[in-house]
Participant: 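Got a structure here, written out as structure tokens. Questions coming.
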There are 2 protein chains.
Amino acid sequence: MPNPLRPSTRDAIVEAAFDVLSRDPSAALAQVAERAGVGRATLHRHFATREALIRALALTAIEEMDAAAEAACADARSYEDAFRRMLTVLIPLGDRHGFLSREPVDDDPEIAAEFQRQMDETREMVEGAKAEGLFDPAVPTAWITQAFDHLLYAAWESVRAGEATHAQAADLAWRTLTHGLGTGGAERKRP
Amino acid sequence: MPNPLRPSTRDAIVEAAFDVLSRDPSAALAQVAERAGVGRATLHRHFATREALIRALALTAIEEMDAAAEAACADARSYEDAFRRMLTVLIPLGDRHGFLSREPVDDDPEIAAEFQRQMDETREMVEGAKAEGLFDPAVPTAWITQAFDHLLYAAWESVRAGEATHAQAADLAWRTLTHGLGTGGAERKRP
DNA sequence: TTGGCATGAGACAAATATGTCTCATTTGAG
DNA sequence: CTCAAATGAGACATATTTGTCTCATGCCAA
């Protein structure tokens, strides 16, 4: 009887694919199989086509981001707290998931739906944070989302380039985001 | 006698390559040739290999960014003014040059040197702006550069997504950058 | 007109990636 | 131990891309 809790081969392939494709998005599946320590035929037994493998990677990435976001929000005392925690936990995922943004995964309706759902959740958080006074209500929510995403990316790249530690980059991105989009007095020192 | 002022075929190929490859970085050269309205053989007469074409695109992009930056700085009255103008003129180049960041052009020493030179120029501008009081001297110059680059990218994407006009996106990116990295009181309203 | 030159069209070989298939071996449950 | 499922190795066909080559055509200048 096949053990449903032992898909180790499949997991190894997914892991190897993240590893290899994040370094070279056009790498051949043979490299992925080699990195996973399995034969190329076995890879195709688990993922019929390259497209199917990429789709599995995208779904895995979404799961991982959900898990990270949920963990960050779990014991957050406010939207501000939640955003600050999310920034920290999402930075390390850049290496792993970054290359997927250059893959045409939006064609798949399931992936597109999940993306939309995450976008909506982020928008809700931004609006909650606006109500809290963290962000200026006059700034479009769409821009706050863009700025969050790209400053997150900047932080990841800063760490990757050795310009800052994980904690330093998170602090800098946070400062840039909040002081830039704040209501204008929240961060002022009390005299 | 060959007219040195009429490399129209070569220009058409470069233009088509920007057009096609920015939409699909893995597009075949046949698509580039077709878009340029030339035969595939002619493309190879001008650019022996795909790599040579990409290199030409990178050099063209660097030239265009230099020209845009120079125009922005030409009649700038301060570093702050120069940064604000550069933000505006560089946003439209995102569509055209963005895909090059995912090409392994750094292998070419000439390209790498040009990149380094542009980085150095940006760093000098950041330090000048720090001395002017635009940026907090306590914030690492490397982070200011990263934030500028990525907020520029965010602005471009915002325009592309139809979330904002060119001018609106530039304003939002500028606000995010300066109020976030400012000395802390420059933008405060005088009572 | 004539001659050189760039081009277009297409054939061609080589390299690479993909997906399928077969067969021998291993592994784990019964 | 025995058997079925999973796997590894490798052959195989196919498709795609790349780069080269040839030949006929159009164009511009002398």
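Keep in mind the model is a prediction, meaning the values are calculated, not measured. Each chain gets a letter, A, B and so on, in the order its sequence line appears, and its residues count up from 1.
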Participant: Suppose clustering is done on Ile, Leu, Val, Met, Phe, Trp and Tyr with side-chain heavy atoms closer than 4.5 Å. Which residues sit in the same group as A/Phe47?
Facilitator: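 Result for A/Phe47 is A/Ile13, A/Val14, A/Phe18, A/Val20, A/Leu21, A/Leu29, A/Val32, A/Val38, A/Leu43, A/Leu53, A/Ile54, A/Leu57, A/Leu59, A/Ile62, A/Phe99, A/Leu100, A/Val105, A/Ile111, A/Phe115.
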Participant: Listed by chain and number, what are the side chain to side chain contact (heavy atoms under 4.5 Å, CB included) partners of A/Asp24, not counting sequence neighbours?
Facilitator: A/Ser26, A/Ala27
Participant: Can you check the B/Phe47 CZ to C/dA6 P distance for me, whole Å?
Facilitator: 15 Å
Participant: Could you list the residues that satisfy side-chain hydrogen bond (donor to acceptor under 3.5 Å, both in side chains) with A/Thr88, not counting sequence neighbours?
Facilitator: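 A/Arg84.
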Participant: Using whole Å, report how far CD of B/Glu51 lies from P of D/dT17.
Facilitator: 19 Å
Participant: Would you tell me if any nitrogen or oxygen in the side chain of B/Thr9 comes within less than 4.0 Å of OP1 or OP2 on C/dT7?
Facilitator: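 Answer is yes, contact under 4.0 Å.
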Participant: Distance check needed: C/dC12 C1' versus B/His44 NE2, whole Å only.
Facilitator: 14 Å
Participant: Base of D/dG19, side chain of B/Arg40 - is there a donor-acceptor contact under 3.5 Å?
Facilitator: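 Side chain to base: pair found, below 3.5 Å.
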Participant: Verify, without hydrogens or angle tests, whether A/Glu132 (side chain) and A/Tyr79 (backbone) share a donor-acceptor contact under 3.5 angstrom.
Facilitator: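 Here the side-chain-to-backbone pair exists.
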Participant: Whole Å only: how far is the CZ atom of B/Arg50 from the C1' atom of D/dT18?
Facilitator: 10 Å
Participant: Identify, with sequence neighbours excluded, every residue that meets salt bridge (Lys or Arg N to Asp or Glu O under 4.0 Å) alongside A/Glu64.
Facilitator: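 A/Arg96.
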Participant: Within the structure, does a side-chain N or O atom of A/His46 lie under 4.0 Å from either OP1 or OP2 of D/dA6?
Facilitator: no
Participant: Expressed in angstrom and rounded to an integer, what is the separation of B/Leu43 atom CG from C/dT7 atom P?
Facilitator: 11 Å
Participant: For A/Asp19, which residues count as a side-chain hydrogen bond (donor to acceptor under 3.5 Å, both in side chains) partner, sequence neighbours excluded?
Facilitator: A/Arg23, A/Arg35
Participant: Calculate the interatomic distance between A/Ile13 atom CD1 and D/dA6 atom C1'; express it in whole Å.
Facilitator: 12 Å
Participant: Who are the salt bridge (Lys or Arg N to Asp or Glu O under 4.0 Å) partners of B/Asp149, not counting sequence neighbours?
Facilitator: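 So B/Asp149 forms no salt bridge (Lys or Arg N to Asp or Glu O under 4.0 Å) with any residue.
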Participant: Below 4.0 angstrom, which residues in residues 19-36 of chain A have at least one non-hydrogen atom near DNA chain D?
Facilitator: none
Participant: Would A/Phe148 and A/Tyr153 satisfy ring-ring contact (aromatic ring centres under 6.0 Å, His included), going step by step from the backbone distance to the final call?
Facilitator: CA-CA 9 Å; A/Phe148 179 78; A/Tyr153 192 87; over 10 Å; no
Participant: Strictly under 3.5 Å: I want the nitrogen or oxygen pairs between protein and nucleotides 21-26 of chain C, one per line.
Facilitator:
none

Participant: side-chain hydrogen bond (donor to acceptor under 3.5 Å, both in side chains) with A/Gln118: which residues, sequence neighbours excluded?
Facilitator: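 So A/Gln118 forms a side-chain hydrogen bond (donor to acceptor under 3.5 Å, both in side chains) with A/Asp66.
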Participant: Send over the distance from B/Arg10 CZ to C/dC5 P, rounded to a whole Å.
Facilitator: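 Result: 20 Å.
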